[in-house]
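Reminder, nothing fancy here: chain letters follow the sequence lines and each chain counts from 1. None of these values were measured; they are calculated from a predicted model.
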There are 2 protein chains.
Amino acid sequence: MARRSDHSREELQEMALEAAERILDTQGEAALSARKVATEIGYSAGALYLVFQNRDDLCWQLNGRTLQKLLTALEHVNCEDPIECLKQFAEIYLTFATVWTPRWSLLFEHRSADDVDAPQWLSNRIDELFRKLEQPLAQCFPQLDQAAISQMARTLWGGVHGVTILSLRDKLFLNQQADPRQMLDDLVETYVRGASVKGSM
Amino acid sequence: MARRSDHSREELQEMALEAAERILDTQGEAALSARKVATEIGYSAGALYLVFQNRDDLCWQLNGRTLQKLLTALEHVNCEDPIECLKQFAEIYLTFATVWTPRWSLLFEHRSADDVDAPQWLSNRIDELFRKLEQPLAQCFPQLDQAAISQMARTLWGGVHGVTILSLRDKLFLNQQADPRQMLDDLVETYVRGASVKGSM
DNA sequence: GCAATATATTGAACAGTGTTCAGAATGTAA
DNA sequence: TTACATTCTGAACACTGTTCAATATATTGC
């Protein structure tokens, strides 16, 4: 039995989340069970319910961390050319999804059993991600208003997300020589070019 | 006890798949259990293992049917203008995903526990889907070779898929007034326009 | 230092899951 | 009618998330 007050609530929660990430990384989502996480940190399964509402709650918290990690990775983009900037975003996104596949999958595929929506703080962080994209897009299209830029960002990023997902589950790509990075570059460049010539047609 | 030879193997399998789809449609993927399917058709859970290797196999077969259904829905596209054609494809895709969300989710999110790849016949049907797109694209860009068209189709469809997915899990769209159909139209039109002016720049 | 109290943690239990397989139920042939 | 072959069940196993009475430990009051 773990001795009482060996760890504070916060410590316990942090330990559990780290253990969960370790399991996720090495054994995949299917292996992510309460008992496994608990064993990993030397507690019983029941103890997890002192710091998490349920399995869903644990997943949401994992997703919060994953999203934060992704945002941090995207921080490193810094170049003058806005198109180059968008391309780098896309490339980092793809790399992140490739390196952290189980965490990334959980982030985008986890849904609660009962139709509980994602917590608000998670939505806020997603909003943050989109704002990052709006910046270079606004630079490309200074004549467009915020609503138009916002929609472009979501459309383009939906596209990047889709190519990334289909690339990861490679069953959807039969010609093996197709490089997803090249596809993303193409998507970003072509989309922005198409939007540029819209007015002048 | 179900009487022996009440149904042939094929009948049993068909009944099970239909029952599974009913459960999927009304109660979601989480509710799709062997015992529930079996009860629904008046057999015991064990009987399912006479016609399915395991739960995964049942899911793959469901996905085969879903993909077939999707392909059939896409048959109805028929118009002269290739861009209009692509837009219709995208719209049908979105509608299908909206109407048959649980089946569509299973199709794109189901992965076997052990890294078993999707069966070959499923990959073939996906290839069929891509070929449908290559036709109007080839019409738009007669100067490009097959490999380039093939890659364009996959890039564009990755985009459509991504926008569809992010739209269905609406948590990713904070400004509610954005219409996914409009976003898909924009994506298709802008991408094709961008690709059109590539040579002439 | 010791008893009383409060709380952190466990471990057994419950209902569910996928899966297997001995044996019962049923049809067919001799 | 008996023997055989096949179909199907139902109990069992190991797992899951989750709850909660009981227990082990720490803190407080004396």
Positions of residues 9-17 of chain B (non-hydrogen atom under 4.0 Å from DNA chain C), listed by number
none
A:E29 CD to D:dT16 P, straight-line distance once rounded to whole Å
14 Å
Taking NE2 from B:H7 and C1' from C:dG27, how many angstroms apart are they, rounded to a whole number?
16 Å
Of all residues at least two apart in sequence or in a different chain, which pass the side-chain hydrogen bond (donor to acceptor under 3.5 Å, both in side chains) check with B:N63?
none
Taking the six-membered ring for Trp, are B:H161 and B:W104 parallel (under 30°), tilted (30 to 60°) or perpendicular (over 60°)?
tilted
Between B:E11 and B:S8 (side chain of the first, backbone of the second, donor and acceptor by atom type, cut-off under 3.5 Å), is there such a pair?
yes
Quick one: sort the B:H110 and B:W60 rings into parallel, tilted or perpendicular, breaks at 30° and 60°.
perpendicular
If an axis is fit to five pairs at each end of the helix from C:dG1-D:dC30 to C:dA30-D:dT1, what is the angle between the two, to the nearest 10°?
30°
So, with a heavy-atom separation below 4.0 Å from DNA chain C, the residues of residues 46-53 of chain A are A:G46, A:A47, A:L50
Within residues 31-41 of chain A, find the residues that approach DNA chain D with a heavy atom at under 4.0 Å, and present them sorted by residue number.
A:L32, A:S33, A:A34, A:R35
To the nearest angstrom, the CD-P distance between B:Q27 and C:dG16 comes to 13 Å
Between D:dT16 (P) and A:L58 (CG): distance, integer Å
14 Å
Atom OH of B:Y43 and atom P of D:dC8: how far apart are they, to the nearest Å?
4 Å
Can you classify the ring geometry of A:W157 versus A:Y93 as parallel (below 30°), tilted (30 to 60°) or perpendicular (above 60°)?
perpendicular
Before giving the answer on salt bridge (charged side-chain N to carboxylate O under 4.0 Å, His left out), spell out for B:R103 and B:E29 the whole-Å C-alpha distance, their side-chain angles and the decisive distance to 0.1 Å.
CA-CA 8 Å; B:R103 297 194 199 186; B:E29 191 197 339; over 6 Å; no
Answer yes if the side chains of A:N124 and A:Q120 hold a donor-acceptor pair under 3.5 Å, and no otherwise.
yes
Considering only NZ, NE, NH1 and NH2 on the basic side and carboxylate oxygens on the acidic side, decide whether B:E14 and B:R9 come within less than 4.0 Å.
no
Under 3.5 Å: donor-acceptor pair, side chain of A:S150, backbone of A:Q146:
no
One thing to verify: whether B:K69 and B:E21 come together as a salt bridge, which I'm taking to mean a side-chain N less than 4.0 angstrom from a carboxylate O.
no
Output yes when a side-chain donor or acceptor of B:R169 lies under 3.5 Å from a complementary backbone atom of B:S167, and no otherwise.
no
List for me each residue that meets side-chain hydrogen bond (donor to acceptor under 3.5 Å, both in side chains) alongside A:S33, sequence neighbours excluded, and say none if there are none.
none
Determine whether a donor-acceptor pair (N or O, by modelled atom type, separation under 3.5 Å) exists between the side chain of A:R125 and the backbone of A:G64.
yes
